[in-house]
Protein chains: 2
Amino acid sequence: MPSKPPAPITIDAVYAAPGYLFRRMQQIAVSIFMEECKAFDLTPVQYAALIAIHTHPGIDATRLSAVIAFDRSTLGSVIERLQAKDYIERKPAPEDKRIKLLYLTKSGAAILREIIPAVERAQARMLEPLKPTERKTLMGLLVQLVDLNNEASRVPLRAEDALEHLGKAG
Amino acid sequence: MPSKPPAPITIDAVYAAPGYLFRRMQQIAVSIFMEECKAFDLTPVQYAALIAIHTHPGIDATRLSAVIAFDRSTLGSVIERLQAKDYIERKPAPEDKRIKLLYLTKSGAAILREIIPAVERAQARMLEPLKPTERKTLMGLLVQLVDLNNEASRVPLRAEDALEHLGKAG
DNA sequence: CCTAGATCGTCAGTATACTGTCAATCAACA
DNA sequence: TGTTGATTGACAGTATACTGACGATCTAGG
């Protein structure tokens, strides 16, 4: 088969490019999340951080960044905002003066319980235009792709490593 | 079939959520793009803007935002940076004093030609972990999903509308 | 004990994104 | 023609993201 000639430099090539589609889909996802959750004053990132702190009480900021694969620098301001809203509190670690341990407040635990249905509605809406079979296929491929590309991002996901400091058996 | 009990509030639910996966994949995509294109000092957004201006010379900022589905406010600073790098120029429109028309400079056209191979390497790398069949399936579903969710984002893509001002037949 | 290297939180700087607002300008209609 | 309403570019304010650097602190090795 003759190889295709080089594609002309045109915007149509961008529309079909994986990077463009991922960016677009991410924007759509955030938009849907914010719409469903507008009663709660929580962003997707803040929600993920709350969930992670709920799952791992007493985690520190660096490990939290590994658990949700968010940049450590960015996480600083996210934590600040969650603390300002009284959803989390930070306590100094007795055995390591560098570390501040993160815990949910009662407010934080409460808003987490309340927001769950809205978040699930949002997640469902993102995939709603597809047929059920297609949704499963897409999610399956995406889980695979994100996992196999894990090391390509600046902050690879380290779900297990992050548990070690909590004294769980490795 | 008995319905599943409500999922416990845990970080594992987040790992499987579409919104989380889209965010993660977008970050990975940007990271790969920047790595492949680090010789060129162009971000993915700036690249898309350049391509769009190349395809539609004399477009204005508002229509450009519709053509690449980027926020108009954000686009202002993107244009500023591209202009500072001497990749584009802005000329006032004679018939409408509000509008500034965008054109590629020779530098802009040149860097666009040079960067294409790196961009294509980046796009290929994003999907590399998947088998060829899976790549096609994923891209097909993603194109569909982005298209069907077009109106859900703040800045829906308006590829055709944006051409009208250039005098093309509708 | 004391230093070399690693780690933690933080900060400065840059770049997307989105919300809401504004003055200048244009278009349409009474 | 004169005013209303829409559009354009710009701006302020907030929130992610990433790079690179920094002081404080901890750990290991000698």
Side-chain angles (χ1 to χ4, degrees), chain A residues 19-20 22-24 26-35 38 41-49 59-66 68-85 90-102 152-156 161 165, chain B residues 19-20 22-24 26-35 38 41-49 59-66 68-85 90 92-102 152-155 161 165:
Chain A
Y20 179 79
F22 291 135
R23 170 181 303 270
R24 195 94 181 75
Q26 211 267 322
Q27 288 176 0
I28 289 167
V30 171
S31 175
I32 291 176
F33 183 103
M34 294 306 280
E35 198 178 313
K38 60 174 176 288
D41 188 33
L42 266 191
T43 67
V45 168
Q46 290 167 11
Y47 169 76
I59 199 173
D60 61 279
T62 296
R63 260 162 260 266
L64 178 59
S65 97
I68 52 184
F70 289 168
D71 190 82
R72 232 180 34 164
S73 302
T74 307
L75 209 50
S77 54
V78 174
I79 287 172
E80 226 170 66
R81 281 185 281 274
L82 286 175
Q83 197 173 13
K85 293 178 190 172
R90 315 176 75 175
K91 296 177 185 171
E95 77 283 3
D96 190 337
K97 288 177 192 167
R98 294 171 302 177
I99 293 178
K100 295 176 185 172
L101 307 179
L102 302 169
S153 64
R154 187 200 180 189
V155 187
D161 297 13
H165 80 114
Chain B
Y20 178 79
F22 291 135
R23 171 183 302 272
R24 195 94 182 75
Q26 211 267 323
Q27 287 176 359
I28 290 168
V30 170
S31 175
I32 291 176
F33 183 103
M34 294 305 282
E35 198 177 314
K38 60 175 177 286
D41 188 32
L42 265 192
T43 67
V45 168
Q46 290 167 11
Y47 169 75
I59 198 172
D60 61 280
T62 296
R63 260 162 259 266
L64 178 60
S65 98
I68 51 184
F70 288 168
D71 189 82
R72 233 182 32 169
S73 302
T74 308
L75 208 51
S77 56
V78 174
I79 288 172
E80 225 169 67
R81 281 184 282 273
L82 286 174
Q83 197 173 13
K85 291 176 190 173
R90 314 176 75 175
E95 77 284 5
D96 190 336
K97 288 176 192 168
R98 295 170 302 175
I99 293 178
K100 295 178 185 171
L101 306 178
L102 301 170
S153 65
R154 187 197 181 190
V155 188
D161 298 11
H165 79 115

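Residue numbering restarts at 1 for every chain, and letters A, B, ... go by the order of the sequence lines. The basis for the numbers below is simple: all heavy atoms, side chains too, and nothing from hydrogens, waters or symmetry mates. Because the structure is a prediction, the values reported are computed rather than measured.
Partners of B:Arg90 under the salt bridge (charged side-chain N to carboxylate O under 4.0 Å, His left out) rule, at least two apart in sequence or in another chain, do not exist in this structure.
Distance CZ (A:Arg24) to P (C:dT16): 17 Å, rounded to an integer number of Å. Counting to the nearest Å, the C1' atom of C:dT19 and the CE atom of A:Met34 are 10 Å from each other. D:dC11 atom C1' lies 15 Å from atom CD1 of B:Ile79, rounded to whole Å. A:Leu64 has its CG atom 18 Å from the P atom of C:dT7, to the nearest Å. Between the CG atom of B:Asp71 and the C1' atom of D:dG9 there is a distance of 13 Å, given to the nearest Å. Between the P atom of D:dG9 and the CD1 atom of B:Ile59 lies a distance of 10 Å, rounded to the nearest Å. Between the C1' atom of C:dT16 and the CG atom of B:Leu75 lies a distance of 11 Å, rounded to the nearest Å. Remark: P of C:dT16 and OH of A:Tyr20 are 15 Å apart, rounded to the nearest angstrom.
Between A:Gln26 and D:dT16 there is no side-chain polar atom (N or O) within less than 4.0 angstrom of OP1 or OP2. When the side-chain nitrogen and oxygen atoms of A:Thr43 are compared with OP1 and OP2 of D:dT16, one or more of them lie within a distance under 4.0 Å. Taking only side-chain nitrogens and oxygens, A:Thr74 never comes nearer than 4.0 Å to OP1 or OP2 of D:dA15.
Nearer to the 5' terminus of DNA chain C, by closest-nucleotide assignment, is the contact made by B:Ser77 (compared with the other of B:Lys97 and B:Ser77). If you find the closest nucleotide of DNA chain D to A:Asp41 and to A:Glu95, the one lying nearer the 5' end belongs to A:Asp41.
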Pick out the pairs of N or O atoms, protein on one side and nucleotides 8-14 of chain C on the other, that lie under 3.5 Å.
unit_1: C:dC8; atom_1: OP1; unit_2: A:Arg63; atom_2: NH2; d: 3.3
unit_1: C:dG9; atom_1: OP1; unit_2: A:Ala61; atom_2: N; d: 3.3
unit_1: C:dG9; atom_1: OP2; unit_2: A:Thr62; atom_2: N; d: 2.8
unit_1: C:dG9; atom_1: OP2; unit_2: A:Thr62; atom_2: OG1; d: 2.5
unit_1: C:dG9; atom_1: N7; unit_2: A:Arg72; atom_2: NH2; d: 3.3
unit_1: C:dT10; atom_1: OP1; unit_2: A:Lys100; atom_2: NZ; d: 2.7
unit_1: C:dT10; atom_1: OP2; unit_2: A:Arg90; atom_2: NH2; d: 3.1
unit_1: C:dC11; atom_1: N4; unit_2: A:Ser73; atom_2: OG; d: 3.1

Give me, pair by pair, the N or O atoms of the protein and of nucleotides 2-4 of chain D that are less than 3.5 Å apart, along with how far apart they are.
none

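Counting only distance, with no hydrogens or angles, the side chain of A:Tyr20 and the backbone of B:Ile68 share a donor-acceptor pair below 3.5 Å.
When all heavy atoms of B:Thr74 and B:Ser77 are compared, the closest pair comes out as O-OG, 2.9 Å. Smallest separation of non-hydrogen atoms from A:Leu75 and A:Ala61: CD2-O, 3.5 Å. When all heavy atoms are compared, the tightest approach of A:Ser31 to B:Ala152 is OG-O, 2.8 Å. Heavy-atom minimum distance, B:Phe70 versus B:Val45: CE1-CG1, 3.5 Å.
To the nearest 0.5 Å, atom CD1 of residue A:Ile99 and atom CD1 of residue A:Ile59 are 11.0 Å apart. The CE atom of B:Met34 sits 10.5 Å away from the NZ atom of B:Lys38 when rounded to the nearest 0.5 Å.
In this structure, A:Val78 reaches the sugar-phosphate backbone alone: every heavy-atom distance under 4.0 Å involves primed, P, OP1 or OP2 atoms, never a base.
Residues A:Leu102 and A:Leu82 are not in side-chain contact: their nearest non-hydrogen atoms beyond the backbone lie 4.5 Å or more apart.
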